[in-house]
Amino acid sequence: MKSVDSGVTADVAAIRAVIRAIPRGRVASYGEIATRSGLPRRARLVGRVLREADAATRLPWHRVLRADGRLAFAPGSTPFREQQQRLAAEGVPVERGRVDIARFGWQRDLDSELWAPPASAARRR
DNA sequence: ACATTGACTCGCG
DNA sequence: GCGCGAGCCAATG
């Protein structure tokens with residue numbers, strides 16, 4: 001018998017969960033999501049999961065980028081523009097088709113905690 | 001059953 | 001920055 005029904009495998013479920021966990025205003029690469037899902041080197045699977053996801057799946061797909069910070073869609077294409085707009089809406093600038101991973105990468109959160117200036121470290125939002 | 005195709009990534013030149 | 005090859009592997013033809 002299958003332990004997972006609804007036609008969704010455990011891997012896909014794990015990937016979806018990780019994507020939904022990306023904080024607002026942050027971005028993550030396909031590879032990082034795969035690794036966090038316990039599936040290193042399975043970046044392509046992440047892409048497949050996103051391609052097959054519909055609106056009902058409710059994934060913050062716009063927070064997923066290529067490892068170098070560029071959007072996965074062709075520059076200027078409709079989905080490219082929509083992703084750029086969604087990111088901008090939550091404070092993530094896309095310049096020359098790419099996001100500054102050093103500043104907006106999910107993994108950067110940890111560094112922020114350790115490197116953040118004391119003055120701003122005290123205030124949250 | 002075989003070949004191609006990707007919302008990918010990384011190392012090398 | 002750019003191109004190549006290798007690794008990845010389910011879906012598609």
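What you are looking at is a predicted structure, and each value in this text was computed from that prediction instead of being measured. Chain naming here is simple, since letters A, B, ... match the order of the sequence lines and numbering starts at 1 in each. The figures that follow rest on heavy atoms only: side chains count, while hydrogens, waters and symmetry mates do not.
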Single hit among A:R24, A:H62, A:R26 for side-chain hydrogen bond (donor to acceptor under 3.5 Å, both in side chains) with A:E90:
A:H62
Expressed in angstrom and rounded to an integer, what is the separation of [X] atom [atom1] from [N] atom [atom2]?
X	N	atom1	atom2	result
A:L50	C:dA11	CG	P	15 Å
A:E52	B:dT5	CD	C1'	14 Å
A:Y30	C:dG7	OH	C1'	19 Å
A:L45	B:dA7	CG	P	13 Å
A:L65	B:dC8	CG	P	11 Å
A:R41	C:dC8	CZ	P	7 Å
A:R44	B:dT9	CZ	P	9 Å
A:D11	C:dC8	CG	C1'	13 Å

Determine yes or no for a side-chain-to-main-chain donor-acceptor pair under 3.5 angstrom, with A:D11 supplying the side chain and A:A14 the backbone.
no
Flag, side chain of A:R81 to backbone of A:G76, donor-acceptor distance under 3.5 Å
yes
Would you compute the distance between atom CG of A:L50 and atom CG of A:L59 and round it to the nearest 0.5 angstrom?
6.5 Å
Please classify the nucleic acid contact of A:R48 as base, sugar-phosphate, or nothing, using heavy-atom distances under 4.0 Å.
base
Regarding A:R51, tell me which of base, sugar-phosphate or nothing describes its non-hydrogen contacts under 4.0 Å with the strands shown.
base
Are any of A:R66's side-chain N or O atoms less than 4.0 Å away from OP1 or OP2 of B:dC8?
yes
Determine the Euclidean distance between corresponding P atoms of C:dG7 and B:dA7; express it in Å to zero decimal places.
22 Å
Using the closest heavy atom to pick a nucleotide of DNA chain C for each, name whichever of A:R70 or A:R42 lands nearer the 5' end.
A:R70
